[in-house]
Amino acid sequence: MTYIPISPKERDAMLQTVGVKSLDDLFDAIPKNHRFPELDLPPALTEMEAATLLSEMAQTNENVREHMISFLGAGAYNHYVPSVVDHMLRRGEFFTAYTPYQPEISQGTLQAIFEYQSLMTNLTGMEVSNASHYDGATATAEAVNLAYAQFRGKRKKIVMSPTVHPQYREVIRTYSQGMGLEEAGDDVSADLEAGPEALMSLVDDKTMIVVVQYPDFFGRIHDYTKLIEDAHAKGALVCIVANPTALLMLKTPAEMGADIVVGEAQPFGIPLWYGGPYLGFFTTKKSYVHKMAGRLIGETVDARGQRSYVLTLTAREQHIKRERATSNICTNQGLLALAAAVYMSSLGKTGLQQVANLCYQKAHYAASELSKIDGFGLCFTEPFFHEFVLCCPKPASEVNEYLLDNGIFGGYDLGKDYPSLKNHLLVAVTEMNSKQEIDTLVEVLKEME
């Protein structure tokens with residue numbers, strides 16, 4: 001927002017209105033010894049000097065656009081972003097737009113968010129979408145909140161697959177602390193080769209939600225139809241954490257009977273950006289819309305009968321008392337939702353399917369070639385989309401260090417989260433990886449001693 005300075009006269013009038021004599025009086029509640037702590041900062045720089053220093057620092061960063069080949073995924077992927085996405089985001093009407101509380105002056109922003117919601121429901125097959133959450137992890141945690149609200153606290157058990165993204169599981173644990181919830185299934189020492197049916201023994205009449213990932217964190221594709229049917233038979237909801245790109249090729253979660261579909265929309269027009277900001281999508285059935293957190297834009301008609309858009313069901317959130325709100329996560333991720341909407345619209349259904357197909361074909365070529373190297377091989381036999389687990393003859397950290405020395409970002413070291421998988425790499429391949437890059441990866445690993 002633009003900083004608008006005030007005159008001394010205006011400042012004095014404001015202080016008088018709030019009943020204090022000086023600006024210092026506004027900080028009486030803060031102990032004096034904490035008001036102006038000594039900060040260990042370098043000497044001040046001019047704007048020109050600061051710009052030069054920051055530019056030099058930025059140039060030392062290695063990135064996937066100019067310097068490095070990347071096979072690192074694990075929830076954030078190097079996809080091509082069409083130039084039209086950035087062009088639209090930087091338009092002043094969107095770039096500096098505030099939360100659209102006033103529909104009469106926010107129709108463009110509201111329609112953009114509505115279009116995003118419509119595209120996400122088409123993608124997942126669900127009935128309603130919000131807009132939106134900080135990232136896939138918070139969207140998943142909000143699915144747990146929805147289930148808790150739906151059962152009004154009468155069911156307090158979460159059954160969560162250990163092959164859901166480790167960071168997502170950690171955020172769920174953070175959200176649920178103090179709520180008296182019971183968690184089951186989240187055991188990284190369990191049999192990681194077991195399919196979704198292994199979770200069913202944990203689901204009972206106390207279970208409020210079952211959380212699985214599609215494809216799972218190891219890239220494997222499972223059909224959760226039977227799991228969902230069994231969970232519903234015991235009265236539980238099922239949340240699927242989905243890769244949006246994969247949904248262009250795979251059976252939709254709605255076809256399996258999912259109640260909630262969430263995930264990270266970063267693959268849709270959002271660069272890697274050093275980890276954020278990202279975009280958590282959240283879609284569900286219409287029957288749960290009153291328990292859904294996040295913005296929701298509705299289409300209606302104005303007094304003249306013309307189509308118009310409004311914020312709807314906002315009383316679930318910050319407009320009412322905190323303890324009565326469905327959720328207190330009320331961010332406006334409209335700009336990133338716009339990025340996803342522009343990305344999906346500019347590529348269209350055919351273009352999105354081509355991206356998904358390229359990811360699939362290139363990943364399978366890479367997996368085939370890598371598995372031919374002595375000491376390396378695929379760890380799982382299940383079908384995969386564009387990520388797969390590579391068994392290595394040495395700890396994954398050593399393999400990645402060797403690859404980094406050769407200008408390659410290797411896969412994700414699964415030993416960080418799964419102690420039994422310290423010699424395993426989660427390799428991701430997208431449409432950005434050329435055959436030459438894949439062949440380079442193979443040749444470098446062949447030369448590794």
Side-chain angles (χ1 to χ4, degrees), residues 74-77 113 116-150 158 160-161 163-176 179 186 208-217 224 237-247 252-254 258-270 273 275-285 288-297 313 316-317 325-341 344:
Y77 303 98
I113 298 175
Y116 161 81
Q117 293 175 180
S118 302
L119 289 164
M120 292 311 300
T121 55
N122 286 336
L123 181 72
T124 62
M126 302 306 286
E127 295 174 330
V128 291
S129 166
N130 75 3
S132 45
H133 293 304
Y134 298 119
D135 53 24
T138 50
T140 308
E142 287 297 336
V144 174
N145 274 355
L146 183 152
Y148 184 82
Q150 179 66 22
I158 307 169
M160 185 161 46
S161 170
T163 61
V164 170
H165 196 302
Q167 294 175 2
Y168 292 21
R169 291 186 281 112
E170 185 65 30
V171 170
I172 288 175
R173 288 192 288 269
T174 300
Y175 261 59
S176 60
M179 295 172 65
D186 184 14
M208 64 181 189
I209 192 168
V210 179
V211 183
V212 292
Q213 188 164 328
Y214 179 67
D216 69 11
F217 187 62
Y224 294 112
L237 302 182
V238 178
C239 170
I240 291 182
V241 182
N243 179 327
T245 307
L247 296 185
T252 68
D259 300 290
I260 309 166
V261 184
V262 300
E264 175 58 68
Q266 177 272 332
F268 283 0
I270 301 173
W273 274 348
Y278 285 162
L279 174 68
F281 69 86
F282 191 115
T283 61
T284 187
K285 296 177 179 178
Y288 303 126
V289 69
H290 289 274
K291 303 296 191 299
M292 182 176 66
R295 307 279 180 216
L296 184 65
I297 310 304
L313 295 179
R316 302 164 303 154
E317 312 256 351
T326 301
S327 170
N328 297 115
I329 179 169
C330 306
T331 179
N332 176 21
Q333 294 287 92
L335 193 65
L336 300 179
L338 174 66
M344 287 185 278

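These numbers were taken from a predicted model, which means no experiment stands behind them.
With sequence neighbours excluded, the residues forming a side chain to side chain donor-acceptor pair (under 3.5 Å) with Thr163 are Ser161, listed by chain and number. Residues forming a ring pair (Phe, Tyr, Trp, His ring centres under 6.0 Å) with Phe281 (at least two apart in sequence, or on another chain): none. Considering only residues two or more places apart in sequence or on other chains, Tyr214 meets the ring pair (Phe, Tyr, Trp, His ring centres under 6.0 Å) condition with none of them. The side chain to side chain donor-acceptor pair (under 3.5 Å) test applied to Asn145 returns Glu142, not counting sequence neighbours. The salt bridge (charged side-chain N to carboxylate O under 4.0 Å, His left out) test applied to Glu127 returns no partner, not counting sequence neighbours. For Ser118, the side chain to side chain contact (heavy atoms under 4.5 Å, CB included) partners at least two apart in sequence or on another chain are Phe114. Every residue two or more places apart in sequence or in another chain that forms a side chain to side chain contact (heavy atoms under 4.5 Å, CB included) with Ala258 is listed here: Ile228, Ile240, Pro253, Val261. Scanning for ring pair (Phe, Tyr, Trp, His ring centres under 6.0 Å) contacts around Tyr278 gives an empty result, with sequence neighbours left out. With sequence neighbours left out, Ala340 forms a side chain to side chain contact (heavy atoms under 4.5 Å, CB included) with Tyr116, Phe268, Leu279, Met344. Applying the side chain to side chain donor-acceptor pair (under 3.5 Å) criterion to Thr121, with sequence neighbours excluded, gives no partner residue. Not counting sequence neighbours, the partners of Thr283 by the side chain to side chain donor-acceptor pair (under 3.5 Å) test are Thr124. Taking the salt bridge (charged side-chain N to carboxylate O under 4.0 Å, His left out) definition, one finds that Asp259 meets it with Lys285, sequence neighbours left out.
The two residues Ala141 and Val171 have their closest heavy-atom pair at CB-CG1, 3.9 Å. Taking both residues in full, the closest heavy atoms of Val241 and Gly263 are given as CG1-CA, 4.3 Å, listed atom of the first, atom of the second, then distance. Taking all atoms of both residues into account, the shortest heavy-atom contact from Ala254 to Met126 is CB-SD, 3.8 Å. Minimum interatomic distance between Ala265 and Pro244 (heavy atoms only, all atoms of both residues): CA-CG, 4.2 Å.
A 4.5 Å side-chain heavy-atom check between Met208 and Val144 finds at least one atom pair inside the cut-off. The shortest distance between side-chain heavy atoms of Val211 and Tyr168 does not fall below 4.5 Å. Contact of the Leu237 side chain with the Tyr288 side chain is registered, since non-hydrogen atoms from C-beta on lie closer than 4.5 Å. Ile172 places a side-chain heavy atom less than 4.5 Å from the side chain of Thr140.
Of the residues Asn130, Ile297, Asn122, Val128, the one that meets the side-chain contact (heavy atoms from CB on, under 4.5 Å) test with Gln117 is Ile297.
Between His165 atom NE2 and Asp135 atom CG the span is 9.5 Å, to the nearest 0.5 Å. Rounding to the nearest 0.5 angstrom, the gap separating the CD1 atom in Ile113 from the OG atom in Ser132 is 8.0 Å. Atom CD1 of residue Ile209 and atom CG of residue Leu146 lie 7.0 Å apart, to the nearest 0.5 angstrom. Rounding to the nearest 0.5 Å places CZ of Arg173 at 6.0 Å from CE of Met160. Of the inter-residue distances, the one linking His133 atom NE2 with Leu336 atom CG reads 13.5 Å to the nearest 0.5 angstrom.
Gln167 CD: 12 or fewer foreign heavy atoms inside a 6.0 Å radius.
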